[in-house]
Q: 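Before I ask anything, let me first share the structure, which is written out below as structure tokens.
Worth saying up front: this structure is predicted, and the values here are computed from it rather than measured. Letters A, B, ... mirror the listed sequences (proteins, then strands); counts begin at 1.
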Amino acid sequence: MKVRTRFAPSPTGYMHIGNLRTALYAYLFAKKNNGDFILRIEDTDRARFVPDAVDFIKRTLKAANIVADEGPGIGGAYGPYVQSERMEIYKKYAMELIEKGAAYPCFCDEKKESAANEDKKFGGYNRACRDIPPEEAKARMETEPFVVRQKMPLTGETSYFDVLHGAISFNNEELEDQILLKRDGMPTYNFANVIDDHLMEVTHIIRGAEFITSTPKHVLLYEALGWETPAFIHLAPVMGKADDGSVSKLSKRHGATSFEDLVNMGYLPEAIVNYVALLGWNPKNSTQEIFSMDELIAEFSLEGLSKSNSVFDYEKLNWMNGEYLKAMTDAEFSKLAKPFAGDLGELEDNWAKISALLKTRISKFNEIPEEIAFLREMPPFDANLYVNKRNKVTPDFAREILPGAIELLEAIPDKDWENDKLYERLNAFITEKGYKKGAALWPVRISVSGKAATPGGATEILSILGKAKSLERMKNSLENLG
RNA sequence: GGCGCCUUCGUCAAGUGGUUAAGACACCGCCCUCUCACGGCGGGUUCAUGGGUUCGAAUCCCAUAGGCGUCACCA
């Protein structure tokens with residue numbers, strides 16, 4: 001039998017990182033087994049419907065390089081793939097269950113139903129509806145508003161096998177007569193889900209652990225319909241860590257939690273996918289951590305899934321993103337990083353040089369503006385910045401060396417104002433004077449950057465700034481030294 | 001609260017009765033070095049607790065604790 005998995009989000013206009021991971025695993029499993037991956041939109045809650053959310057989901061999956069074989073706008077033999085377009089189908093099966101006596105319509109008014117009632121089993125209203133004869137039910141359904149409920153067993157237990165967790169069972173007493181069709185005619189998640197997964201021939205349901213406790217309801221539905229149950233795989237949730245060290249389900253208070261947020265911060269989609277893949281899954285027999293999508297597909301297996309919660313760790317994501325950045329060519333990096341650089345003004349022409357220096361120094365693109373701020377504008381700084389213990393540099397030494405360095409640089413023609421030549425000249429000067437290279441170049445770099453740490457060394461910064469600006473900065477710095 | 005799932009370094013995790021309990025991030029040290037970073041080398045820190053079973057337990061069983069989830073005409 002061909003493996004078929006699905007990702008079935010509700011259209012909220014937001015792709016939580018946990019959902020992305022669920023989609024990824026479903027996709028990887030399908031592809032690993034030469035199966036199909038289906039996108040299905042579960043938009044049965046009219047109140048929460050967000051316009052354009054379907055497009056958003058599709059764009060997100062595309063950016064993440066998760067490709068659906070079937071879905072809205074993609075096509076496939078099992079459509080439509082949007083639940084609101086499948087109303088007739090759900091209605092048909094609901095009627096079938098009513099005929100069978102496995103479900104029944106409830107005509108009680110909404111208020112009464114929602115009122116608290118000790119008889120929870122029947123949703124807080126009278127259980128008499130349960131025994132309504134099918135004929136009478138059908139007649140009243142023509143004129144009165146109703147919901148359809150499934151008759152749940154009063155005793156015994158329902159169990160199922162979860163590929164990850166093994167056998168799980170629940171007492172049927174815990175289950176109330178679940179609603180199949182809502183008052184507005186829409187199916188509930190529990191109902192539509194079962195119908196669609198069966199009709200779309202889904203073989204493996206990969207979804208979040210929050211569905212563990214509602215799965216017995218689904219199982220009872222499969223049984224009532226006389227259908228075989230698919231395999232269930234319930235994934236442990238992704239947690240976030242708060243500043244106080246406490247851990248809870250990943251949410252806004254932990255910072256960015258959607259794929260889009262992360263991309264906007266300057267993380268690469270490939271790196272996010274790679275990191276998320278490893279949050280709750282690991283390749284057996286290997287310590288590899290950097291994976292392309294194809295490698296993930298090749299390595300993926302259900303055995304590598306973790307049963308326990310995992311905590312989203314920005315530090316590790318940073319590292320991984322940095323690995324992807326470093327693996328890029330300078331040209332690729334330069335191009336992708338550019339939109340994060342802001343207005344470069346006169347530095348525009350030197351972006352290639354600047355970005356090359358940035359590549360090994362940032363973990364994500366949004367660090368760029370701060371990294372290069374000193375190039376736009378000389379930051380004010382204190383003479384103590386000239387102090388460098390390791391090279392035994394002091395402000396006095398800066399006073400000593402700077403005038404000579406300025407004089408030397410001033411003599412260099414514009415055409416020779418580039419890194420290699422600058423380095424060569426400065427080096428010759430340093431050797432001649434008997435200075436140590438590290439010690440001599442430190443004050444130069446400070447005088448021109450005003451920062452203890454910079455992307456690029458002294459000569460690289462000089463070359464980016466250009467002769468005029470460099471000398472202006474050096475002279476000012478020397479003057480400020482007094 | 002009932003029910004359910006889970007529990008190896010701070011974090012991601014390997015491990016399925018006998019291991020010096022992998023590896024990675026982060027952290028620390030050294031080397032490299034025109035600062036920082038990159039790169040190289042090295043280091044510390046872990047089996048939630050208490051009982052069993054066993055010659056032997058991170059691995060099996062029970063209990064406790066803690067975390068998470070779920071109890072909707074939301075998914």
Q: Using the C1' atom as the point on both nucleotides, what is the distance between C9(B) and A22(B), in whole Å?
A: 12 Å
Q: Sticking with atom C1', work out how far G10(B) lies from A26(B), rounded to a whole angstrom.
A: 8 Å
Q: Please enumerate all residues that pass side-chain hydrogen bond (donor to acceptor under 3.5 Å, both in side chains) together with Tyr423(A), with sequence neighbours excluded.
A: Lys437(A)
Q: Find the distance Gln83(A):CD to A75(B):C1' and express it as a whole number of Å.
A: 10 Å
Q: Starting from P on C73(B), measure out to OH on Tyr90(A) and report it in whole angstrom.
A: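 That distance rounds to 19 Å.
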Q: Measure the distance from CZ on Arg46(A) to P on A72(B) and round it to the nearest whole Å.
A: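 Interatomic distance, CZ of Arg46(A) to P of A72(B): 21 Å.
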Q: Spell out protein contact along nucleotides 3-16 of chain B as letters: B when the base is contacted, S when just the sugar-phosphate is, - when no protein heavy atom is under 4.0 Å; keep the 5' to 3' order.
A: SSSSS--SSSSSS-
Q: In Watson-Crick or G-U wobble terms, both distances under 3.5 Å, what is the partner of A14(B)?
A: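 Partner of A14(B): none found under 3.5 Å.
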Q: Taking atom P in both A48(B) and U11(B), compute the distance separating them and give it to the nearest angstrom.
A: 12 Å
Q: Figure out the CG/C1' separation between Asn321(A) and C25(B), and round it to whole Å.
A: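 Atom-to-atom, Asn321(A) to C25(B), this comes out as 14 Å.
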Q: For Glu295(A), give me all partners under salt bridge (charged side-chain N to carboxylate O under 4.0 Å, His left out), at least two apart in sequence or on another chain.
A: none
Q: Which pairs with one or both residues in residues 368-386 of chain A pass salt bridge (charged side-chain N to carboxylate O under 4.0 Å, His left out), sequence neighbours excluded?
A: none
Q: Can we say Arg40(A) and Asp197(A) salt-bridge, meaning some charged N sits less than 4.0 Å from an Asp/Glu carboxylate O?
A: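 Between Asp197(A) and Arg40(A) there is a salt bridge, with a charged N closer than 4.0 Å to a carboxylate O.
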Q: If we take the C1' atom in both C5(B) and G18(B), what is their distance in whole Å?
A: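 Taking atom C1' in both C5(B) and G18(B), they lie 31 Å apart.
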Q: Report yes if at least one side-chain N or O of Thr188(A) is closer than 4.0 Å to OP1 or OP2 of A72(B); otherwise report no.
A: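 Checking Thr188(A) against A72(B): no side-chain N or O falls below 4.0 Å of OP1 or OP2.
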Q: Aromatic ring centroids of Phe211(A) and Phe232(A) under 6.0 Å?
A: no
Q: Does NZ or CZ of Arg140(A) lie under 6.0 Å from the centre of the six-membered ring of Phe107(A), at an angle within 45° of the ring axis?
A: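 Output yes; distance and angle both within limits.
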Q: Examine distances only and state if a side-chain atom of Asn172(A) and a backbone atom of Leu154(A) form a donor-acceptor pair shorter than 3.5 Å.
A: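 Here the side-chain-to-backbone pair does not exist.
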Q: Is there a Watson-Crick or G-U wobble partner for G67(B) with both distances under 3.5 Å, and which nucleotide is it?
A: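 By the stated definition (distances under 3.5 Å), C5(B) pairs with G67(B).
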Q: Taking side-chain contact (heavy atoms from CB on, under 4.5 Å) as the test, write out the residues that go with Thr257(A), two or more places apart.
A: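 Tyr14(A), His16(A), Leu250(A).
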Q: Going 5' to 3' through nucleotides 32-43 of chain B, assign each nucleotide B (protein heavy atom under 4.0 Å from a base atom), S (under 4.0 Å only from sugar-phosphate atoms) or - (no protein heavy atom that close).
A: -BBBBBSS----
Q: What's the gap between C3(B) and U16(B) when it is taken at their P atoms, as a whole Å value?
A: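 My reading of the P atoms in C3(B) and U16(B) gives 34 Å.
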Q: Could I get the full list of side-chain hydrogen bond (donor to acceptor under 3.5 Å, both in side chains) partners for Tyr160(A), not counting sequence neighbours?
A: none
Q: Using the P atom on both, measure A63(B) against G44(B) and round to a whole Å.
A: 39 Å
Q: Under 4.0 Å: is that the gap between some side-chain N or O of Lys182(A) and OP1 or OP2 of C74(B)?
A: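 Yes, within the criterion.
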Q: Applying a 3.5 Å limit to both distances, which nucleotide forms a Watson-Crick or G-U wobble pair with U54(B)?
A: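 Answer to the pairing question: none, since U54(B) forms no Watson-Crick or G-U pair.
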Q: What does U19(B) pair with, Watson-Crick or G-U, if both distances are under 3.5 Å?
A: none
Q: Taking U54(B) as the reference, what is the distance to G42(B) when you measure between their P atoms (whole Å, please)?
A: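 The same atom, P, in both gives a distance of 44 Å.
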Q: If you measure from the P atom in C6(B) to the same atom in A14(B), how many Å do you get, rounded?
A: 15 Å
Q: If you assign each of Trp319(A) and Phe211(A) to its closest nucleotide in RNA chain B, which residue comes earlier from the 5' end?
A: Trp319(A)
Q: Can you measure Leu235(A) atom CG to C68(B) atom P for me and round it to whole angstrom units?
A: 19 Å
Q: Sequence neighbours excluded, which residues qualify as side-chain hydrogen bond (donor to acceptor under 3.5 Å, both in side chains) partners of Thr12(A)?
A: none
Q: Return the nucleotide paired to U46(B): Watson-Crick means purine N1 to pyrimidine N3 with N6-O4 or O6-N4, wobble means G-U with N1-O2 and O6-N3, both under 3.5 Å.
A: none
Q: Measure the distance from OH on Tyr189(A) to C1' on C71(B) and round it to the nearest whole Å.
A: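 My rounded result for the distance is 16 Å.
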Q: Quick one: Gln178(A) CD to A75(B) C1', roughly how many Å, whole number?
A: 14 Å
Q: Any base atoms under 4.0 Å from Ser449(A), or only sugar-phosphate, or nothing? Heavy atoms, all strands.
A: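 Nothing, no nucleic acid heavy atom in range.
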Q: State the pairing partner of C32(B); accept Watson-Crick or G-U wobble contacts with both distances under 3.5 Å, and report none otherwise.
A: none
Q: How many Å lie between CE on Met320(A) and C1' on A24(B), as a whole number?
A: 9 Å
Q: Could you pull out all residues at least two apart from Phe340(A) that satisfy ring pair (Phe, Tyr, Trp, His ring centres under 6.0 Å)?
A: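 For Phe340(A), the residues satisfying ring pair (Phe, Tyr, Trp, His ring centres under 6.0 Å) (neighbours in sequence not counted) are Phe365(A).
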